[in-house]
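Since the structure comes first, as structure tokens, the remarks are kept for the end.
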Amino acid sequence: MQQDLAKKAAGEMAATFIQPGMTVGLGTGSTAYYTIMRIGELVRDGLQLQAVATSEQSEQLAREQQIPIVSFSEVSRIDIDIDGADEADEQLRLIKGGGGALLREKIIAAAASEMIVVMDESKLVKQLGKFPLPVEVVPFAWELTFKKLTELGAAPVMRKKDNKVFITDNGNYILDCHYEKISDPAVLHQQLNSTPGVVDNGLFLSYANKLIIGYADGSVRSLSR
Ligand code: 5RP
């Protein structure tokens with residue numbers, strides 16, 4: 001598929017930024033998949049690195065690829081985090097969490113010296129918000145949190161998978177909040193995260209240093225902060 005070629009081009013390009021000895025944050029999703037696969041090849045060819053993963057799914061893939069995964073107690077720094085996004089604008093602000101891994105992704109992005117975002121061209125937008133914003137909430141009294149978010153204009157929808165409530169790796173729920181356009185991402189971020197019951201939301205406003213955008217013909221271009 002052409003979109004896969006775009007994702008592969010971006011995902012693999014990002015791996016060229018990894019230097020020997022680095023600690024690497026491994027992202028989640030179908031574009032980060034290609035980065036992990038490429039890192040696996042590099043490791044099997046002798047590149048020394050260690051990695052931490054943003055989801056159980058990515059950790060499992062990394063282990064299958066023989067990428068050394070280390071525990072957080074063994075990590076003094078994360079040099080580079082390579083992850084996907086659901087939307088990005090030209091100021092390198094992101095919506096993430098389409099795969100449900102936003103909390104772990106944000107913890108690792110915040111700890112990393114550099115965050116590289118890999119995506120196909122369809123994710124680059126003029127204004128954030130068409131993609132429903134994932135908000136991770138604790139299961140306790142989620143109905144009240146849902147109501148509060150509705151009052152704040154979020155139009156939340158409980159995420160389901162195979163007709164069952166989707167549970168994150170952290171044991172929480174995801175409410176996908178529909179806005180169409182987010183005019184002030186910083187204000188919204190603050191409003192959501194100060195709502196009791198909300199663990200975090202999928203706005204990543206200050207972490208990305210570079211976007212690597214893949215195109216259907218296999219070419220890439222990058223935007224840097
Ligand atoms: C997972 C994410 C992903 O990075 C995001 O959903 C992009 O995924 P894909 O590369 O499959 O489109 O935030 O929580």
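First listed ligand is number 1; within each ligand, the first listed atom is number 1. Note that these values count all heavy atoms, side chains included, but never hydrogens, waters or copies made by symmetry.
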Margin query: Can you name the atoms of ligand 1, numbered from 1 with element, that are less than 4.0 Å from a heavy atom of K7?
Written below: 12 (O)
Next item on the list: Output every pair passing side-chain hydrogen bond (donor to acceptor under 3.5 Å, both in side chains) with a member in residues 14-24, not counting sequence neighbours, ordered by first then second residue.
Entry: T23-Q50
Next item on the list: Taking the side chain as every heavy atom from C-beta outward, state whether V137 and N172 have any pair of such atoms under 4.5 Å apart.
Entry: no
Note to self: Among all protein heavy atoms in this structure, tell me which lies nearest to atom 8 (O) of ligand 1, with the distance rounded to 0.1 Å.
What the structure shows: G29 CA, 4.0 Å
Notebook entry, point to check: Counting heavy atoms only, which of G99, A101, G98, A85 comes nearest to atom 7 (C) of ligand 1?
Noted result: A85
Margin query: Quick check on contacts: which atoms of ligand 1 are under 4.0 angstrom from a heavy atom of T31?
Written below: 9 (P), 10 (O)
Next item on the list: Give yes or no for whether the N/O distance cutoff of 3.5 Å, strictly under, is met between A32 and ligand 1.
Entry: no
Checklist line | Nearest atoms (heavy-atom pairs only) where A208 meets V117 | finding: CB-CG2, 3.7 Å
Item checked: For atom 9 (P) of ligand 1, the protein heavy atom that lies nearest, with its residue and separation -> S30 OG, 3.3 Å
Notebook entry, point to check: Among K123, K96, E105, whose heavy atom sits nearest atom 1 (C) of ligand 1?
Noted result: E105
Next item on the list: Would you check whether M119 reaches within less than 4.0 Å of ligand 1, judged by its heavy atoms?
Entry: no
Checklist line | Closest non-hydrogen atom pair, Y207 against K106 | finding: CE1-CG, 3.6 Å
Next item on the list: Would you mind checking which non-hydrogen protein atom is closest to atom 3 (C) of ligand 1, with the distance to 0.1 Å?
Entry: T28 O, 3.2 Å
Check: Below 4.0 angstrom, N of the basic side chain to O of the carboxylate: do R93 and D89 qualify?
Finding: yes
Next item on the list: Just jot down the ligand 1 atoms closer than 4.0 angstrom to any heavy atom of D83, in number order.
Entry: 4 (O)
Check: Do I167 and Y173 touch side chain to side chain, with heavy atoms closer than 4.5 Å?
Finding: yes
Check: Does ligand 1 have an atom that lies less than 4.0 angstrom from a heavy atom of G97?
Finding: yes
Check: Should L26 and V75 be counted in the same cluster of Ile, Leu, Val, Met, Phe, Trp and Tyr side chains packed under 4.5 Å apart?
Finding: no
Margin query: Applying side-chain hydrogen bond (donor to acceptor under 3.5 Å, both in side chains) as the test, list every pair that has at least one member in residues 177-187; sequence neighbours left out.
Written below: K130-E180
Check: Charged N to carboxylate O under 4.0 angstrom, K147 versus E151?
Finding: no
Note to self: Show me which atoms of ligand 1 lie under 4.0 Å from any heavy atom of G84.
What the structure shows: 4 (O)
Item checked: Nearest protein heavy atom with distance in Å, relative to atom 5 (C) of ligand 1 -> D86 OD1, 3.2 Å
